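Data first, discussion second: the structure below is written as structure tokens.
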Amino acid sequence: MTLISKKKINYTIGTELRGYLQDYDRESPLPVTYRDLLRFSGSFPLMDRNGRDTLWQTVYYEPSTLVELSAGLAEVYALLRTDGDLSFTDHLLADRIDYCQFGNSNPFRVRIVNQLNDNYDYFYVKRADASRVYGLELEHLLSPNRINYLVCGDSLIEEHIAGIPGDDFIRDHLKRPHLNQVRIAKEFVKFNERCFARLLGDMRAYNYVIIATPDFEDEQYRVRAIDFDQQSYEGKKTMYLPQFFKDNRKVVQMCSQLLTTETIRQYQAEERTLIARRVRLERYRLKGLMDIMRHDEVSTPEKTAQLKAQLNQHYATTAFDRCRSMGDVVHQNLKMMLLARPRPDQA
């Protein structure tokens, strides 16, 4: 079983990374920051529709504070969604703010309601962290998913990623008769490959979602990460392979039952080919990001040394001995992944 060693260290966004964010329109002044949302007066547990504790607390504020925050949060939503066009904010209302003490970023989740039709959307306000920002950027550049987020000082704004949470999907959907289990197994193999390529860790079932898209004869699925706190931080190689987490066991067993070794290799090769194409497409932006990350501090020397040793053993090489930082390790691993022959066990 794969375990997180301790709560992750928070790393400040440095000058070079801040400059990168400004160059690619990720930095923006905000009317409401993370610290502003900490001024709540109290909270109560938020339960789901089945009465289960969601581990979120709905917070409430003094009336005058709430009026100020609601207007500011509507503007934040406009900055995130419409590049700051405030003409739509008059009919937007932040009608609920939830807070989660579980995890590293202690996020706030804001529900924005369109008062003209009662449609609603969410976004998150988190403490900004350098490794989390690297995780978001690598997801944007190397995965099939685009990521929308903003940074201001020590605040991070992230859009909501819609989908069925992995733990809910495994518990409630995995055995449904209409489910195409082979396609789910295929997508989990590809997701496993993407996480390992860019060293995104801690993909326990509640840190990713399953997106189901109706096709003309069946359904297509995609497994998508929603939490980037553990981007290349831990020293254990298995932290970056979702297949080794206990709560993913049912999906892993399904993969073993439905997919042959050769089929797994095929899906791994397909995903590596797509990653390689994304690398070529975004080579200048990716190089700029990696040059900054390789000189930045996003993990401890002890964890970096541990991961270097385990990856050397994994690839039967000594190439990782030359890595001086966790950013170097990510860079070298991505290069090795795109050159190596796929291995279905990844062990």
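All values reported here derive from a predicted model rather than from experimental measurement.
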Inset, instruction - In sequence, state the C-alpha distance, the side-chain angles, and the governing distance for Leu179 and Ile184, and then conclude on side-chain contact (heavy atoms from CB on, under 4.5 Å). - result: CA-CA 8 Å; Leu179 188 76; Ile184 287 290; 4.2 Å; yes

Inset, instruction - Using the test side chain to side chain contact (heavy atoms under 4.5 Å, CB included), find all partners of Val67 that sit at least two apart in sequence or belong to another chain. - result: none

Legend entry - Where at least one partner belongs to residues 108-117, residue pairs that pass salt bridge (charged side-chain N to carboxylate O under 4.0 Å, His left out), sequence neighbours excluded: Asp95-Arg111, Asp98-Arg109

Inset, instruction - Identify whether Val251 and Leu258 are in the same connected component of the hydrophobic contact network (ILVMFWY, side-chain heavy atoms under 4.5 Å). - result: yes

Legend entry - Cluster link Leu80 to Ile97, ILVMFWY, side chain under 4.5 Å: yes

Inset, instruction - Identify whether Leu156 and Val298 are in the same connected component of the hydrophobic contact network (ILVMFWY, side-chain heavy atoms under 4.5 Å). - result: yes

Legend entry - Shared-cluster residues of Tyr120, by chain and number - hydrophobic side chains joined below 4.5 Å: Val113, Tyr122

Inset, instruction - Would you please test Glu62 and Ser41 for side chain to side chain donor-acceptor pair (under 3.5 Å) and show each step? - result: CA-CA 7 Å; Glu62 295 297 328; Ser41 304; 3.3 Å; yes

Legend entry - Distance (rounded to the nearest 0.5 Å) between Leu17 CG and His295 NE2: 14.0 Å

Inset, instruction - Return yes if a side-chain donor-acceptor contact under 3.5 Å exists between Glu75 and Thr89, otherwise no. - result: no

Inset, instruction - Without swapping roles, check the side chain of Arg26 against the backbone of Leu21 for a donor-acceptor pair under 3.5 Å. - result: no

Legend entry - Contacts of Asp48 that satisfy side chain to side chain contact (heavy atoms under 4.5 Å, CB included) - sequence neighbours left out: Asn50, Arg52, Thr54

Inset, instruction - Classify the side-chain pair Glu270/Gln266 by whether it contains a donor and acceptor separated by less than 3.5 Å. - result: yes

Inset, instruction - Examine distances only and state if a side-chain atom of Arg198 and a backbone atom of Gly135 form a donor-acceptor pair shorter than 3.5 Å. - result: yes

Inset, instruction - Under the side-chain contact (heavy atoms from CB on, under 4.5 Å) rule, what do Leu199 and Leu307 come out as? Steps first, then yes or no, please. - result: CA-CA 10 Å; Leu199 295 179; Leu307 188 57; 4.0 Å; yes

Inset, instruction - Give the minimum heavy-atom separation between Ser43 and Gln57, together with the two atoms involved. - result: OG-OE1, 3.3 Å

Legend entry - Within 6.0 Å of CZ in Arg171, more than 12 heavy atoms from elsewhere: yes

Legend entry - Lys/Arg-Asp/Glu bridge criterion (N-O < 4.0 Å) met for Asp129, Lys8: yes

Legend entry - Under 3.5 Å donor-acceptor, Glu282 side chain and Leu141 backbone: no

Inset, instruction - Could you tell me whether Glu139 and Arg132 have a side-chain N and a carboxylate O separated by less than 4.0 Å? - result: no

Inset, instruction - Could you identify which residues cluster with Leu116, counting Ile, Leu, Val, Met, Phe, Trp and Tyr as linked when any side-chain heavy atoms lie under 4.5 Å apart, either directly or through a chain of such contacts? - result: none

Inset, instruction - For Glu234 and Tyr240, run side-chain contact (heavy atoms from CB on, under 4.5 Å): C-alpha distance rounded to whole Å, both residues' side-chain angles, the deciding distance at 0.1 Å, then the answer. - result: CA-CA 9 Å; Glu234 291 288 345; Tyr240 306 105; 3.8 Å; yes

Legend entry - Exercise: identify the closest heavy-atom pair between Met47 and Gly51: CE-O, 3.1 Å

Legend entry - ring pair (Phe, Tyr, Trp, His ring centres under 6.0 Å) contacts touching residues 37-67 (sequence neighbours left out): Phe40-Tyr99

Legend entry - Under 3.5 Å side-chain donor-acceptor pair for Tyr20 and Arg285: yes

Inset, instruction - For the pair Asp154 and Arg35, find out whether any cationic side-chain nitrogen is under 4.0 Å from an anionic carboxylate oxygen. - result: yes

Legend entry - Steps toward side-chain contact (heavy atoms from CB on, under 4.5 Å) verdict (Asp36, Leu69): CA-CA 8 Å; Asp36 293 329; Leu69 287 177; 4.1 Å; yes

Inset, instruction - Report yes or no: do Glu137 and Tyr24 form a side-chain donor-acceptor pair below 3.5 Å? - result: no

Legend entry - Check: His314 ring centre within less than 6.0 Å of Phe196 ring centre: yes

